[in-house]
S.K.: 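First, the structure itself, so that you have it in front of you.
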Amino acid sequence: MTAQIIDGKAFAATVREKVATHVARIKEAQGITPGLAVVLVGEDPASQVYVRNKGKQTVEVGMNSIEHKLDADTSEETLLALIDDLNKDAGVHGILVQLPLPDHLDEDLVINAIDPAKDVDGFHISNVGLLGTGQKSMVPCTPLGCLMMLRDHHGSLSGLNAVVIGRSNIVGKPMAQLLLGDSCTVTIAHSRTKDLPDVVRGADIVVAAVGRPEMVPGDWIKPGATVIDVGINRIDAPEKGDGKTRLVGDCHFDSCAEVAGAITPVPGGVGPMTIACLLANTVTACCRANGLAEPDGLTA
Ligand code: NDP
């Protein structure tokens with residue numbers, strides 16, 4: 001069997017179109033422009049690239065992009081004061097603090113200082129609790145993107161066996177909650193899981209969020225299963241020339257694609273969906289803040 005490729009790049013473009021349509025509607029009917037504030041502390045090169053991409057795509061869908069770039073030695077007090085200002089700013093509907101923060105800043109403290117209604121990353125403890133109890137919340141962007149692709153592919157997920165490999169707060173745990181919310185039977189695997197290959201072989205849906213290049217081979221995959229590969233790992237690629245690298249996922253793509261029914265590639269799978277879902281969360285937050293109807297299909 002050769003798997004259907006789930007094209008995250010194309011899917012993300014349709015999500016951005018839906019967001020742009022909804023933004024235009026809100027602007028015209030209400031005179032409100034959704035605004036996303038992104039706070040970057042320090043000069044981590046990868047974070048700078050992410051922040052630039054987020055700002056660019058925010059503007060492309062018609063929203064306001066507000067960027068705050070702070071020095072690496074910014075004090076916690078200054079950062080918290082900025083977040084307080086953004087919480088009070090009616091023109092800001094979403095606030096994202098780019099992680100990781102420099103070591104002297106307490107990430108939990110900073111994230112939990114964001115107004116939960118504006119917490120478009122879905123990391124605030126209130127949103128974690130709301131998601132865990134099946135209530136309306138802001139949902140972390142990467143798992144939300146995975147859920148959208150799974151719903152699109154399967155229709156109903158009810159009763160399917162899902163194995164999530166990885167139990168991080170930003171991917172594994174919220175992913176498991178979302179799958180449970182859609183009535184999957186969910187197993188969360190991690191570094192201490194016994195007989196991981198056998199656990200994965202029972203899955204109709206495998207979500208790999210580990211951070212280990214090509215760890216999951218095709219012979220762990222049940223024939224016809226859907227494989228969502230969240231991993232982004234850069235490895236050496238001597239075949240491309242000296243010093244060259246390439247991106248791979250946590251699943252061994254070629255062997256998994258031989259067995260799976262559907263699979264997301266890396267790059268071009270989950271990655272593009274993450275920023276698209278950030279934009280979706282921002283327009284959702286704006287609608288909720290103003291008592292407006294939320295766009296269909298952009299939330300959990
Ligand atoms: P973390 O490092 O926070 O978590 C990794 C998880 O994998 C942990 O729960 C760990 O278990 C588990 N794990 C590690 N080794 C094994 C093993 N041998 N067998 C089973 N489980 C194992 O990573 P993240 O969740 O932040 O990210 C995971 C991957 O997803 C990374 O490659 C990251 O780059 C990528 N990512 C991609 C995004 C996107 O937009 N596409 C967004 C976010 C992340 P334990 O808890 O026991 O240590």
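For ligands, and for the atoms within them, numbers begin at 1 and follow the listed sequence.
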S.K.: Of the listed options (Ser191, Pro213, Gly271), which comes nearest to atom 10 (C) of ligand 1 when hydrogens are ignored and any heavy atom counts?
M.R.: Ser191

S.K.: Quick check against the 3.5 Å criterion: does Asp182 have a side-chain atom that pairs as donor or acceptor with the backbone of Leu157?
M.R.: no

S.K.: From Leu82 CG over to His68 NE2, what is the distance, rounded to the nearest 0.5 angstrom?
M.R.: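 Separation between the atoms: 5.0 Å.
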
S.K.: Got the closest protein heavy atom to atom 26 (O) of ligand 1, with its distance?
M.R.: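 Atom 26 (O) of ligand 1 sits closest to the protein heavy atom Ile170 CD1, 3.5 Å.
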
S.K.: What atoms of ligand 1 come closer than 4.0 angstrom to any heavy atom of Asn233?
M.R.: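 Reading through ligand 1 atom by atom, the close ones are 32 (O).
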
S.K.: So which heavy atom in the protein is nearest atom 43 (C) of ligand 1, and how far is it from that ligand atom?
M.R.: Val171 CG2, 3.8 Å

S.K.: Does ligand 1 come near enough to Ile232 that some N or O of the ligand is less than 3.5 Å from an N or O of the residue?
M.R.: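 In this structure, Ile232 places an N or O atom under 3.5 Å from an N or O of ligand 1.
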
S.K.: Does one side chain, of Thr133 or Gln135, offer a donor that lies under 3.5 Å from an acceptor on the other?
M.R.: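 Side chains of Thr133 and Gln135: pair found under 3.5 Å.
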
S.K.: Considering only non-hydrogen protein atoms, determine which one is nearest to atom 4 (O) of ligand 1 and report residue, atom name and distance to 0.1 Å.
M.R.: Ser168 CB, 3.8 Å

S.K.: Which ligand 1 atoms, with their elements, are less than 4.0 angstrom from a heavy-atom of Gly166?
M.R.: 6 (C), 7 (O), 9 (O)

S.K.: Give the residue and atom name of whichever protein heavy atom lies nearest to atom 37 (C) of ligand 1, and the separation in Å to one decimal.
M.R.: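 The closest heavy atom on the protein side is Val230 O, 3.2 Å.
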
S.K.: How many angstroms lie between CG in Asp119 and CG in Asp121, if you round to the nearest 0.5 Å?
M.R.: 6.5 Å

S.K.: What residue and atom, counting heavy atoms only, is the protein's closest point to atom 46 (O) of ligand 1, and at what distance?
M.R.: Arg167 NE, 2.7 Å

S.K.: So, does Asp115 use its side chain to make a donor-acceptor pair with the main chain of Ala117 at under 3.5 Å?
M.R.: yes

S.K.: Which residue and atom name correspond to the protein heavy atom nearest atom 40 (O) of ligand 1, and how close is it?
M.R.: Thr274 OG1, 2.7 Å

S.K.: Heavy-atom contact check, 4.0 Å cutoff: does Gly172 meet ligand 1?
M.R.: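 It does not; every heavy atom stays at 4.0 Å or beyond.
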
S.K.: Report the nearest protein non-hydrogen atom to atom 21 (N) of ligand 1: residue, atom name, distance rounded to 0.1 Å.
M.R.: His190 C, 3.1 Å

S.K.: At a non-hydrogen distance cut-off of under 4.0 Å, which region of Met273 contacts ligand 1 (side chain, backbone, both, or neither)?
M.R.: neither

S.K.: First locate atom OH of Tyr50, then atom CG of Asp44, and finally report the distance between them rounded to the nearest 0.5 Å.
M.R.: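 Separation between the atoms: 8.5 Å.
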
S.K.: For atom 7 (O) of ligand 1, grab the closest protein heavy atom and report residue, atom and distance to one decimal in Å.
M.R.: Val210 CA, 3.5 Å

S.K.: Within a radius of less than 6.0 Å around CD of Glu43, do more than 12 heavy atoms belonging to other residues, nucleotides or ligands occur?
M.R.: no

S.K.: If you count the atoms of ligand 1 from 1 in the order shown, which ones are under 4.0 Å from a heavy atom of Arg212?
M.R.: 14 (C), 15 (N), 16 (C), 18 (N)

S.K.: Give every donor-acceptor pair under 3.5 Å between a side-chain atom in residues 200-220 and any protein atom, sequence neighbours left out.
M.R.:
residue, atom, partner, partner atom, Å
Arg201, NE, Asp219, O, 2.8
Arg201, NH1, Asp198, OD1, 2.8
Arg201, NH2, Asp219, O, 3.2
Asp204, OD1, Lys222, NZ, 2.7
Asp204, OD2, Asn161, N, 2.8

S.K.: Would Glu239 and Arg246 pass as an ion pair if we require N to O under 4.0 Å?
M.R.: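 A salt bridge links Glu239 with Arg246.
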
S.K.: What I'd like to find out is whether the side chain of Cys286 reaches to under 4.5 Å of the side chain of Met63, using heavy atoms alone.
M.R.: no

